[in-house]
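The block underneath contains the structure these notes are about, expressed in structure tokens.
Only heavy atoms go into these numbers, but all of them, side chains included; no hydrogens, no water, no symmetry mates. Counting starts at 1 for both ligands and their atoms, in listed order.
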Amino acid sequence: MKIQFVDLNAQYNEIREEVTEAIQNVIKDSAFIGGKYLKQFESNYAEYIGTKHCIGVGNGTDALHIALKALGIEQGDEVITVANSFIATSEAVTNAGAVVKFVDCLYDTYNIDIERIKNAITGKTRAIIPVHLYGQPVDMDPLLELAKKHDLRVVEDCAQAHGARYKGKNVGTFGDCACFSFFPGKNLGAYGDAGAVLTNDDKIAKMARMYANHGRFEKYNQEFEGVNSRLDGIQAAILNVKLKHLERWTERRREIARRYDEGLSNVVVAPKVLPDVRHVYHLYIIRINSRDEVKEKLAAAGVATGIHYPIPLPSLKAYSYLGHKENEYPIAHSLSREILSLPIHGSMKDDEVSYVIEKINGILT
Ligand SMILES: *Cc1c(COP(=O)(O)O)cnc(C)c1O
């Protein structure tokens with residue numbers, strides 16, 4: 001058997017006709033930039049998450065950058081985020097002109113350690129970016145309390161957490177604004193780059209929409225310089241189709257996670273899920289000592305796996321100028337040596353899941 005890490009073709013086969021029709025409609029109407037399909041998606045997605053506004057943008061990285069700009073983050077400001085994420089999170093901070101301050105994560109949930117955020121706050125800190133990593137919500141109550149106490153803005157990085165819930169509410173509704181990625185492999189993925197900024201705040205929404213579109217509301221009356229980062233009509237139409245299936249695919253991911261939990265509990269450390277959250281398993285992470293060896297053996301058995309992420313952000317060459325040492329982020333570094341991401345997606349078949357479980361048990365017992 002060959003088990004792919006993500007199988008976008010299997011998903012396409014489930015929705016082929018709907019997607020083809022949706023794309024043809026955009027072309028027929030020439031609704032490529034802006035237009036009714038974009039409006040429909042923005043309205044549908046805001047409703048799905050539970051915010052007043054959704055602004056479609058070019059990708060998730062831009063969404064973070066635009067959100068920080070819309071909040072007025074400037075040169076010299078400091079923004080706190082977690083040491084274990086994809087570089088997009090910290091890149092957006094630097095590209096907005098601010099300075100990124102990394103905080104280590106927790107060993108059990110892999111999410112940002114809120115206690116350690118306290119030590120990272122200085123007089124220059126303006127915002128925190130919690131990342132709902134792998135699809136599990138950050139423990140938002142203490143984070144929001146801390147942000148309020150220090151008058152900090154909160155930008156949720158929801159790139160891996162479409163439909164994840166914390167105490168009954170979708171992530172993306174807690175911060176001043178929230179950023180989603182619709183990169184093809186994400187839980188809700190376009191057929192190219194796409195992203196969105198969500199907020200309940202009218203002013204932030206207006207600023208984000210203007211910044212993403214050359215600083216304008218009217219065609220030739222630009223009020224400031226922004227960027228060109230828009231969600232195009234074809235991607236919006238595809239996302240509209242896929243949004244209707246998202247809950248089903250998410251439930252499938254959760255079902256697969258339950259099967260992994262049960263089938264692997266004797267040989268690996270399974271993900272720890274907080275009480276009162278809905279984890280949407282963008283990634284299913286196991287922890288093992290002999291990670292590299294297991295990864296190789298699984299590859300030989302036809303099972304593709306991943307490592308998210310092999311190098312904590314502060315240790316990337318991109319951040320060597322910050323001069324961080326490994327012992328500043330001990331948890332992120334330990335995890336980077338032990339974590340392994342197993343195949344999981346909404347169209348994965350039962351026999352594929354069983355095969356992965358069987359191979360891992362075979363290797364580790
Ligand atoms: C994917 C991802 C992003 C960036 O999204 P793009 O659409 O690829 O730009 C940001 N943050 C996290 C945590 C991600 O996983």
Side-chain angles (χ1 to χ4, degrees), residues 5-6 8 41 45 54-69 79-96 100 102-103 105 109-112 127-138 140 143 154-164 171-172 174-175 177-198 208 212 227-232 234-236 238-239 242 253 271 279-285 306-314 316 318-319 332 335-336 339 341 344-345:
F5 190 64
V6 179
L8 292 175
F41 175 70
Y45 198 63
C54 167
I55 297 109
V57 300
N59 55 68
T61 311
D62 282 359
L64 288 159
H65 173 76
I66 291 160
L68 292 169
K69 283 296 192 182
V79 177
I80 293 172
T81 194
V82 70
N84 63 330
S85 181
F86 179 58
I87 191 171
T89 314
S90 46
E91 208 174 34
V93 175
T94 315
N95 287 335
V100 60
F102 294 109
V103 165
C105 55
T109 63
Y110 314 143
N111 268 328
I112 194 164
I128 309 173
I129 309 180
V131 181
H132 305 297
L133 198 70
Y134 310 143
Q136 162 144 259
V138 167
M140 288 306 286
L143 186 135
V154 175
V155 177
E156 293 178 73
D157 183 339
C158 304
Q160 303 188 358
H162 315 70
V171 301
F174 294 95
C177 45
C179 301
F180 284 85
S181 164
F182 307 116
F183 179 83
K186 300 284 158 91
N187 286 26
L188 178 61
Y191 288 165
D193 277 315
V197 177
L198 276 73
V227 293
N228 173 5
S229 181
R230 301 174 297 223
L231 173 59
D232 75 71
I234 288 181
Q235 300 306 338
I238 292 163
L239 289 167
K242 287 200 178 189
R253 284 177 185 271
H279 192 324
V280 293
Y281 295 100
H282 173 57
L283 294 167
Y284 187 95
I285 310 291
I307 300 170
H308 300 89
Y309 297 87
I311 307 172
L313 294 176
L316 288 175
Y319 294 112
L335 288 173
S336 69
I339 48 175
S341 314
I344 189 163
H345 56 87

Distance flag, aromatic centroids of Y134 and H308, threshold under 6.0 Å: no
Any donor-acceptor N or O pair under 3.5 Å, side chains H132, E156: yes
Y45-F182 aromatic ring centre distance below 6.0 Å: yes
Donor + acceptor pair across side chains of S336, Y309 (<3.5 Å): no
Between ligand 1 and the protein, tabulate every N or O atom pair separated by less than 3.5 Å, reporting distance only.
unit_1	atom_1	unit_2	atom_2	d
ligand 1	5 (O)	S181	OG	3.2
ligand 1	7 (O)	G60	N	2.8
ligand 1	7 (O)	S181	OG	2.6
ligand 1	9 (O)	G60	N	3.3
ligand 1	9 (O)	T61	N	2.8
ligand 1	9 (O)	T61	OG1	2.5
ligand 1	11 (N)	D157	OD1	3.3
ligand 1	11 (N)	D157	OD2	2.8
ligand 1	15 (O)	Q160	NE2	2.8
ligand 1	15 (O)	K186	NZ	3.1

Under 3.5 Å side-chain donor-acceptor pair for H282 and N187: yes
Mutual orientation of the aromatic rings belonging to F102 and Y319 [parallel < 30°, tilted 30-60°, perpendicular > 60°]: perpendicular
